[in-house]
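Proteins get letters first, then strands, A, B, ... in listed order; numbering begins at 1 in each. Atom set for the values below is all heavy atoms of this structure, side chains included, hydrogens, waters and symmetry mates excluded.
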Protein chains: 4
Amino acid sequence: MSSIGSRSVGAEEKRERLLDVAEAVFCRLGHSRTTIAELAAAAGVSRPTVYAYFPSKEDVFRALADRVRDEFLRLQERVDTSSPARTADEAVRAFFAAYTRHHGMLVVIAHQALVDPAMRELRDEIVARPERRNARFLERLVADGRAAPAVPPADVSRAVTGMVARAAELAVDHPEQADRLGGELVALYLRMAGIDDDRG
Amino acid sequence: MSSIGSRSVGAEEKRERLLDVAEAVFCRLGHSRTTIAELAAAAGVSRPTVYAYFPSKEDVFRALADRVRDEFLRLQERVDTSSPARTADEAVRAFFAAYTRHHGMLVVIAHQALVDPAMRELRDEIVARPERRNARFLERLVADGRAAPAVPPADVSRAVTGMVARAAELAVDHPEQADRLGGELVALYLRMAGIDDDRG
Amino acid sequence: MSSIGSRSVGAEEKRERLLDVAEAVFCRLGHSRTTIAELAAAAGVSRPTVYAYFPSKEDVFRALADRVRDEFLRLQERVDTSSPARTADEAVRAFFAAYTRHHGMLVVIAHQALVDPAMRELRDEIVARPERRNARFLERLVADGRAAPAVPPADVSRAVTGMVARAAELAVDHPEQADRLGGELVALYLRMAGIDDDRG
Amino acid sequence: MSSIGSRSVGAEEKRERLLDVAEAVFCRLGHSRTTIAELAAAAGVSRPTVYAYFPSKEDVFRALADRVRDEFLRLQERVDTSSPARTADEAVRAFFAAYTRHHGMLVVIAHQALVDPAMRELRDEIVARPERRNARFLERLVADGRAAPAVPPADVSRAVTGMVARAAELAVDHPEQADRLGGELVALYLRMAGIDDDRG
DNA sequence: AATGAATGAGGGTTCATTCAT
DNA sequence: TATGAATGAACCCTCATTCAT
């Protein structure tokens, strides 16, 4: 019926769809209440079918977490670098959008990180890596005299991650405010970093 | 049942000790992996004894969450108000300290909030209430011409919550940096809020 | 369906090959751990293909057991009867060789006999029938004055079955001793049966 | 109701009773068809109760197998040694009785030995150790001129194990013949070993 | 107040088997 | 004929919870 895909669709695609479904379920139910039965039902298949695509529940979760991380890693690749303010604008907005989109998973990942060192690392790749990258970006700007942050770049960088995370929480419940929130985040960032706003 | 005599006091104390133990266990194992057996073992009692103090595992968790929230609520009561900068300094540092101290529980609470509306509310009391209070504080300062935030006070306020949360994560792993981090948080906040630093 | 033409012959051959593979797998993994998946993998085919040749896993096992039994039944047909000692020699060695060759299957069959009356019967055909036949053989020899067993022929007969079984166990792990063991078995049998060794 | 024991009984005793029940079930159903549910039902308890005494189904089986082995090991301790024939008589009969009593378990152990090296060792302790002991016993007799086996002592010894095993199979179905079978086994053994029958 | 003992409910996982292609 | 895909039925095991002592 409403199974996860017709026969003609490749297995890889079905796996991907299963992950989509799984993300929704994990975000709705959290890690422990997400059962294979629930995943299967949400995907319109039977329990054993889930095992045709993933060896275990934990593997579903790991694959999901990996996918989220990969999306975050990809974010950093395409950013307009025509001016510091533009770079900041795009980077912050993109990070904010991704954070909002995957807010639930990030909460679950943080929870699992309490228990699983692998999740701790994965979370680090999502959160701390962009921070380090951003810190280096600021340091370069400072060296060029184009930024004058109030506190060390690393702290600005960390602060912005936190700000984005918190704003994302709000954006999840009030998507209509997402745009405005993005704007405020950028504004705050520019001010914290002491970057001249030369956008448009 | 038992009067407020020594017996009762002992019971209240034991309950409190049980909660201390429980907080440690919940932070180490997360919500689902925390079993009554583990709580009992960590407290050096048998499983049924836990039920003498709490009706269910969920009640242990709720009591714990309540305790954390209460501590956050109490934070706001004693703040030096001799100057805006001093107020900000104390409030931010206190919030940051509490956030660091209860970081694990806050992660678990966030996770449970995905599932349990009551936890959503509780989390709101911990995070959003101080934000609103802070926003009002800023608005008053703005009205008095003593603050000139870069973005609306509500956004500054939300931003600082996020910053603190992220800094707390770091402070958990590197307690030796807690002081410095607290200072940076205050500095950033003052700058974001456009408050003159008239401290010492 | 398919005539006895080449197709059918191919099918029969494949079935036989499948049984060969299955014997190896059942002996390696025992009855319960042998899965259709394992059989299919060992045969280099997909799971459903196994079902093209056998209606069920139990049928694979039954066919296998039947094949083993048939081999044992055939043993008794060609035995040199030129002298009692020669008869004994050939019969014991042949039985011992077959027992060694199919030791694993015989263990599995014994195990299944605990549960399945049909396997009990089959095992009886493999083990008890030769015993009865042997007992009659001895009785005839006794009547002719050519044997003087220490105990009733039926007991001698049963004893030799047991001896062979135990020797086979050893021969499985130490094939190089098979010949010597065969010799000892014959010697013991002759002595137990009180048959003059007029061989060679 | 008909649970495995009243509260007053020690846990050790209950464990022992559970093992008694388990032996019956394993012998009736074989290894794989024996489920925890069946064990629990046979013992008159619920499934989780079984886990209060054993960590897993495999542990139940191992404990059972250990118990059987221990009983076999104890057999060898008390044997009348007033004369070779008496020693042989007692040893063979005792081994035969134990083999009959635990026939089912020995079949299951043999089956598991296909898969589990630990079971292979355990089986060796049950079967091969008495053989080696017996072989040494015969060697001593030979040295003293009190035995003249038809084949090397080790082979006699192995043969008798096999004979006993096969006789036990029969005795399981026909307990009324056990005594007679025991006698025949002893007679055969004495003859094979070339021991003078000086028993009363 | 405290606990040893027991269990109902439920979740993860496996596997023989079927079916559409 | 052969198979990729899917599933019903079980089974092992865990855990929150209860109860008699």
**Prompt:** When you check the side-chain N and O atoms of A:E169 and A:H103, is any donor under 3.5 Å from an acceptor?
**Reply:** no

**Closest listed nucleotide, where the reference is the side chain of C:Y51 and the choices are E:dT3, E:dT17, F:dT7** = E:dT17

**Prompt:** Could you state the CZ-P distance from B:F61 to F:dT17, rounded to the nearest angstrom?
**Reply:** 14 Å

**Message:** Regarding C:Q112 and D:H111, do their side chains bring together a donor and an acceptor under 3.5 Å, going by distance alone?
**Reply:** no

**Prompt:** 5'-most contact on DNA chain E: B:G44 or C:R33, nearest heavy atom basis?
**Reply:** B:G44

**Asked** For C:D59, which residues count as a salt bridge (Lys or Arg N to Asp or Glu O under 4.0 Å) partner, sequence neighbours excluded?
**Response** C:R62

**Fill in**
Note: for D:T35 and B:T34 on DNA chain F, the residue whose nearest nucleotide lies more 5' is D:T35

**Request:** In whole angstrom, give the distance that lies between atom CG of B:L29 and atom P of F:dC15.
**Result:** 11 Å

**Prompt:** Is C:R15 atom CZ crowded by more than 12 heavy atoms from other residues, nucleotides or ligands, each under 6.0 Å away?
**Reply:** yes

**Prompt:** When you measure from the side chain of D:V45, which nucleotide among E:dA5, E:dT7, F:dT7 comes out closest?
**Reply:** E:dT7

**Fill in**
Among the nucleotides F:dC13, F:dG8, F:dA6, whichever has the atom closest to the side chain of D:R47 is F:dC13

**Separation of E:dA1 P from B:L18 CG (nearest whole Å)** = 14 Å

**Request:** Can you figure out which of F:dG4, E:dT3, E:dT17 approaches the side chain of B:T49 most closely?
**Result:** E:dT3

**Strand partner of E:dT21, provided both Watson-Crick or wobble distances fall under 3.5 Å** = F:dA2

**Request:** Can you tell me the distance, in whole Å, between the CZ atom of D:R15 and the C1' atom of E:dG4?
**Result:** 17 Å

**Euclidean distance, atom CD of residue A:E38 to atom P of E:dG10 [Å, nearest integer]** = 13 Å

**Item:** Separation of atom CD1 in A:I36 from atom C1' in E:dG10, rounded to whole Å
**Value:** 14 Å

**Message:** By the 4.0 Å heavy-atom rule, please label C:Y53 as base, sugar-phosphate, or nothing.
**Reply:** sugar-phosphate

**Message:** Side-chain N or O of C:K14 versus OP1/OP2 of F:dT1: is the shortest distance under 4.0 Å?
**Reply:** no

**Request:** Round to the nearest Å and state the distance from A:L39 atom CG to E:dG11 atom P.
**Result:** 12 Å

**Asked** Which nucleotide, F:dT17, F:dA6, E:dC15, lies nearest any side-chain atom of B:K57?
**Response** F:dT17

**Prompt:** Parallel, tilted or perpendicular for D:F61 and D:F26, by the 30°/60° rule?
**Reply:** tilted

**Asked** In Watson-Crick or G-U wobble terms, both distances under 3.5 Å, what is the partner of E:dC15?
**Response** F:dG8

**Prompt:** For E:dA1, which nucleotide in any strand shown is its Watson-Crick or wobble partner with both distances under 3.5 Å?
**Reply:** none

**Request:** Between A:V50 and C:A52, just flag the one whose closest nucleotide in DNA chain F comes earlier from the 5' side.
**Result:** C:A52

**Complete:** From CZ of A:F54 across to P of E:dT14 the rounded distance in Å is 15 Å

**Request:** Any chance you could measure A:E23, atom CD, to A:L39, atom CG, to the nearest 0.5 Å?
**Result:** 12.0 Å

**Prompt:** Between E:dT3, F:dG4, F:dT17, which nucleotide has the shortest distance from any of its atoms to the side chain of C:S46?
**Reply:** F:dG4

